[in-house]
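As the structure is a computational prediction, the values presented were derived from the model and not from experiment. Just so it is clear, the values below take in all heavy atoms, side chains as well, and ignore hydrogens, waters and symmetry mates. Residue numbers start from 1 in every chain, and the chains themselves are labelled A, B, ... in the order their sequence lines are given, proteins ahead of strands.
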Protein chains: 2
Amino acid sequence: MADDQLSRVLSALADPTRRDIVARLAAGDATVNELAEPYNVTVQAVSKHIKVLEDAGLVSRSRDAQRRPCHLEAEVFDLMTKWIERYRREAEDRFRRLDAVLEQMDGRADEQPVTGKSTKEEAS
Amino acid sequence: MADDQLSRVLSALADPTRRDIVARLAAGDATVNELAEPYNVTVQAVSKHIKVLEDAGLVSRSRDAQRRPCHLEAEVFDLMTKWIERYRREAEDRFRRLDAVLEQMDGRADEQPVTGKSTKEEAS
DNA sequence: CGCATATTCAACCGCTTGGTTAAATTCAAC
DNA sequence: GTTGAATTTAACCAAGCGGTTGAATATGCG
């Protein structure tokens, strides 16, 4: 479905098992069998999970006899953080502008206040 | 399928149309019809997309007559960045340690280095 | 009330996904 | 060359997803 890498990365990490695999690979490279051990699914299922991570560019593999050690490619995370930061910052800026506007018209609060109900917490 | 919020958030953002909706909401609140306009899918499809974003906690809605303005809840992004930062840092630390090891044994590079079969369990 | 607008609900469809079992492949080691 | 371990491929299945059309539900306006 998703053809761009960011979609593939997000989709890959949307699965808790795959996130756990990534977490374990962050602690060190591992083989498919090693990775499969803790979960109560077949090793074939884990092999598929790893393929998804590999297609997303999150994991690379070398060869060691029959083994195919998996290695985490952490740089791909930047794709996500860049996307996130961009729109979070945008949203925060807008929020700040809204605050400014509200502050500007402090006294006369007769207008309906935009999104209604509350300005809520602005904390990060 | 995914029952935890992080899974829901990542899964929601794995769709390019939904990411675009989020991007537009970062610039300001909007109604379902407004959001649906640029895409060549039905408004019902967009309504479903918004529901997915809402279930993930990324979007909240107020009421304005028949309209249901959508508002971006940017704090949820923290869920992702926290997860990402944790494991990226871990991977980078490991990388730094590996560098140190390689530096340590500089002269004798006859061993096959790289991912080496030595890493694995124990972890931290 | 009757009508138009905005949104959702329901049923359906084709494709993908995560899982399975069974068979094939790759490579070391005997 | 046979055995055995690690991994992938193939075929299949149930469930979920993104899309559709069509009907229902709110709500403001004459």
Side-chain angles (χ1 to χ4, degrees), chain A residues 1-22 24-25 29-56 58-71 112 115-116, chain B residues 1-4 7-22 24-25 29-56 58-71 112 115-117 119-121:
Chain A
M1 167 203 279
D3 49 334
D4 65 302
Q5 190 179 15
L6 181 52
S7 295
R8 280 197 299 267
V9 169
L10 289 164
S11 173
L13 294 178
D15 184 281
T17 302
R18 286 195 290 259
R19 277 203 306 281
D20 194 62
I21 289 175
V22 166
R24 290 169 58 207
L25 287 178
D29 296 1
T31 68
V32 177
N33 267 303
E34 287 167 357
L35 288 171
E37 194 263 324
Y39 317 115
N40 54 351
V41 297
T42 63
V43 69
Q44 291 98 314
V46 174
S47 181
K48 283 191 187 180
H49 278 310
I50 293 171
K51 179 152 182 33
V52 172
L53 292 170
E54 197 178 15
D55 289 346
L58 281 159
V59 158
S60 64
R61 296 152 111 163
S62 43
R63 183 165 270 293
D64 169 35
Q66 312 97 30
R67 265 145 263 134
R68 309 282 314 278
C70 300
H71 174 79
Q112 55 229 56
T115 62
Chain B
M1 163 178 266
D3 49 331
D4 65 303
S7 296
R8 281 196 301 266
V9 170
L10 290 164
S11 173
L13 294 179
D15 184 280
T17 301
R18 285 195 292 260
R19 277 204 307 280
D20 194 62
I21 289 175
V22 166
R24 290 169 59 204
L25 287 177
D29 296 2
T31 68
V32 178
N33 268 301
E34 287 167 357
L35 289 172
E37 194 265 324
Y39 316 115
N40 55 351
V41 297
T42 63
V43 69
Q44 290 98 315
V46 174
S47 181
K48 280 190 188 180
H49 278 311
I50 293 171
K51 180 154 180 36
V52 172
L53 292 170
E54 195 178 16
D55 290 345
L58 281 160
V59 158
S60 65
R61 295 152 111 164
S62 42
R63 184 165 268 293
D64 168 33
Q66 313 99 30
R67 265 145 262 134
R68 308 284 313 278
C70 300
H71 174 80
Q112 54 231 66
T115 61
K117 11 357 263 310
T119 51
K120 55 200 31 118
E121 70 285 351

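Nearest to the side chain of B/Thr31, among C/dT7, D/dG19, C/dG18, sits C/dT7. When distances run from any side-chain atom of B/Thr42 to the nucleotides C/dT8, D/dT21, D/dT8, the shortest one goes to D/dT21. Minimum atom distance to the side chain of B/Asp15 is reached by D/dG18, of the listed D/dA6, D/dG18, C/dG18. When distances run from any side-chain atom of B/Arg63 to the nucleotides D/dT20, D/dT27, D/dT7, the shortest one goes to D/dT27. Side-chain proximity of B/Arg18 to D/dG18, D/dT7, C/dT8: nearest is D/dG18. Nearest nucleotide to the A/His49 side chain, out of D/dT8, C/dG18, C/dT7: C/dG18.
If you check distances only, the side chain of B/Gln44 does reach the base of D/dG22 with a donor-acceptor pair under 3.5 Å.
An OP1 or OP2 oxygen of D/dA5 is reached within less than 4.0 angstrom by no side-chain nitrogen or oxygen of A/Asn33.
Across all strands, B/Lys51 comes closer than 4.0 Å to no nucleic acid atom at all (heavy-atom distances). Here A/Thr17 lies out of heavy-atom contact (under 4.0 Å) with every strand.
If you measure from atom CG of A/Leu10 to atom C1' of C/dT17, you get 17 Å, rounded to the nearest angstrom. What separates NZ of A/Lys48 from P of C/dT17 is a distance of 10 Å, to the nearest Å.
In this structure, A/Val41 and A/Lys48 have side chains that are not in contact, with every pair of non-hydrogen atoms separated by 4.5 Å or more.
For the helix from C/dC1-D/dG30 to C/dC30-D/dG1, the end axes, each set by the C1' atoms of five terminal pairs, are bent relative to each other by 10° (nearest 10°).
In this structure, A/Arg19 contributes its side chain and A/Ile21 its backbone to no donor-acceptor pair below 3.5 Å.
The residue among A/Val32 and B/Gln66 whose nearest nucleotide of DNA chain D is located toward the 5' end is A/Val32.
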